[in-house]
Amino acid sequence: MQTVEMDSREATIALGKAIGAQLAAGDVLVLDGDLGAGKTTFTKGLAQGLAIPDIIKSPTFTIIHEYHDGRLPLYHMDAYRLENGGGEDLGLEEYFDSDGVSVVEWAEFVEDELPDDFLAIHFKRTTDENKRVLEFEPHGAHFQKLLADVVD
């Protein structure tokens, strides 16, 4: 596990952008953390790295937001409302095996649907309102290399 401290919203966006620029079709990122911990802020940066011009919003009420106007499509998912099941009915594997990048918040509710290779990022708030700690947990060689290239 690799840990990075972000000292501002802008730093979180910049890191997301750097990672987004390295992502490939079929990549899956799993984000977890409390409300307001920086998951959507990070995803805004990812979208910039994918050259997506759209405004990125949290998909809390729609479950999945799709953005198609970039280098690769971005599928931003919030599985929180699937706490009592239903993930298997959404066809998540079709997103995960697609031509785009999938970002899943609250992935513990769809754990059984996740592919073997993915990048988990844990967002932690600190006592300083502007700082966040991000813990990266790569699953698979592709994400280990990506982290070595971008985060080191």
Participant: Taking Thr126 for its side chain and Lys131 for its backbone only, find out whether a donor-acceptor pair lies under 3.5 Å.
Facilitator: yes

Participant: Restricting to side chain to side chain donor-acceptor pair (under 3.5 Å), what partner residues turn up for Glu108, sequence neighbours left out?
Facilitator: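 If we apply the side chain to side chain donor-acceptor pair (under 3.5 Å) test to Glu108, skipping adjacent residues, there are no hits.
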
Participant: Tell me the closest heavy-atom pair linking Lys145 and Asp149, and the distance in Å.
Facilitator: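 Minimum heavy-atom contact is NZ-OD2, 2.7 Å.
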
Participant: So, Asp128 side chain and Asn130 main chain: donor-acceptor pair closer than 3.5 Å or not?
Facilitator: yes

Participant: For the atom pair CD1 (Ile19) and CG (Leu15), what is the distance rounded to the nearest 0.5 Å?
Facilitator: 4.0 Å

Participant: Checking side-chain polar atoms at under 3.5 Å, does Glu105 have a donor or acceptor matched by the opposite partner on His76?
Facilitator: yes

Participant: Could you tell me which non-hydrogen atom of Ile55 sits nearest to which non-hydrogen atom of Tyr67, and how far apart they are?
Facilitator: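 Here Ile55 and Tyr67 meet closest at O-CE2, 3.7 Å.
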
Participant: By side chain to side chain contact (heavy atoms under 4.5 Å, CB included), which residues pair with Pro73, not counting sequence neighbours?
Facilitator: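 Testing Pro73 for side chain to side chain contact (heavy atoms under 4.5 Å, CB included), a comparison that skips the adjacent residues, returns His68, Tyr75, Asp99.
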
Participant: Which value, rounded to the nearest 0.5 Å, describes the distance between His65 atom NE2 and Thr40 atom OG1?
Facilitator: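 These two atoms lie 9.5 Å from each other.
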
Participant: Kindly give the heavy-atom pair with the smallest separation between Leu72 and Ala25, and that separation in Å.
Facilitator: CD1-N, 3.6 Å

Participant: Which side-chain hydrogen bond (donor to acceptor under 3.5 Å, both in side chains) pairs, counting each pair once, include a residue from residues 15-29, with sequence neighbours left out?
Facilitator: Asp27-His142

Participant: Where do Val30 and Ile121 land on the side chain to side chain contact (heavy atoms under 4.5 Å, CB included) test, with the steps shown first?
Facilitator: CA-CA 6 Å; Val30 171; Ile121 307 173; over 6 Å; no

Participant: Side chains of Val4 and Val133, heavy atoms from C-beta outward: is any pair under 4.5 Å?
Facilitator: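 Val4 vs Val133: side chains apart.
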
Participant: Within this structure, what is the CE-OH distance for the pair Met77 and Tyr95, rounded to the nearest 0.5 Å?
Facilitator: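 Here the interatomic distance stands at 6.0 Å.
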
Participant: Identify each donor-acceptor pair in which a side-chain atom of residues 5-13 lies under 3.5 Å from a protein atom, sequence neighbours left out, and give them as a table.
Facilitator:
| residue | atom | partner | partner atom | Å |
| --- | --- | --- | --- | --- |
| Ser8 | OG | Glu10 | N | 3.4 |
| Ser8 | OG | Ala11 | N | 3.0 |
| Thr12 | OG1 | Ser8 | O | 3.2 |

Participant: So, taking the atom named CD1 in Ile64 and the one named CG in Leu92, what distance separates them when rounded to the nearest 0.5 Å?
Facilitator: 5.5 Å

Participant: By the salt bridge (Lys or Arg N to Asp or Glu O under 4.0 Å) test, which pairs, at least two apart or in different chains, include something from residues 67-77?
Facilitator: none

Participant: ring-ring contact (aromatic ring centres under 6.0 Å, His included) with Phe123: which residues, sequence neighbours excluded?
Facilitator: Phe42

Participant: Under the side chain to side chain donor-acceptor pair (under 3.5 Å) rule, collect the residues that match up with Asp116, sequence neighbours excluded.
Facilitator: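 With sequence neighbours excluded, Asp116 shows a side chain to side chain donor-acceptor pair (under 3.5 Å) to no residue whatsoever.
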
Participant: Restricting to salt bridge (charged side-chain N to carboxylate O under 4.0 Å, His left out), what partner residues turn up for Glu129, sequence neighbours left out?
Facilitator: Arg125, Arg132

Participant: Under the rule for ring-ring contact (aromatic ring centres under 6.0 Å, His included), what residues qualify as partners of Phe96, not counting sequence neighbours?
Facilitator: none

Participant: What is the minimum heavy-atom distance between Leu147 and Gln2, and which atoms define it?
Facilitator: CB-OE1, 3.8 Å

Participant: If you round to the nearest 0.5 Å, how far is CD of Glu66 from OG of Ser102?
Facilitator: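 Nearest 0.5 Å value for the OG-CD distance: 9.5 Å.
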
Participant: Quick check: closest heavy atoms across Gly20 and Leu50, and the distance to 0.1 Å?
Facilitator: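 For Gly20 versus Leu50, the nearest heavy atoms are O-CD2, 3.5 Å.
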
Participant: Holding to side chain to side chain contact (heavy atoms under 4.5 Å, CB included), I want the full list of residues that pass it with Asp112, two or more places apart in sequence or in another chain.
Facilitator: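 Asp112 satisfies side chain to side chain contact (heavy atoms under 4.5 Å, CB included) with no residue once adjacent residues are dropped.
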
Participant: Starting at CG of Leu119, measure out to CG of Leu146 and round the result to the nearest 0.5 Å.
Facilitator: 7.0 Å

Participant: Report the residues that fulfil side chain to side chain donor-acceptor pair (under 3.5 Å) with His122, sequence neighbours left out, ordered by chain and then residue number.
Facilitator: Asp32, Glu137

Participant: Where do Pro115 and Val28 come nearest, in terms of heavy atoms and distance?
Facilitator: CG-CG2, 3.8 Å

Participant: Just jot down the side chain to side chain donor-acceptor pair (under 3.5 Å) partners of Lys124, sequence neighbours excluded, or say none.
Facilitator: none

Participant: Among Ile52, Leu29, Ile56, Val101, which residue meets the side-chain contact (heavy atoms from CB on, under 4.5 Å) test with Leu46?
Facilitator: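 With Leu46 as partner, Ile52, Leu29, Ile56, Val101 yield a single side-chain contact (heavy atoms from CB on, under 4.5 Å), made by Leu29.
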
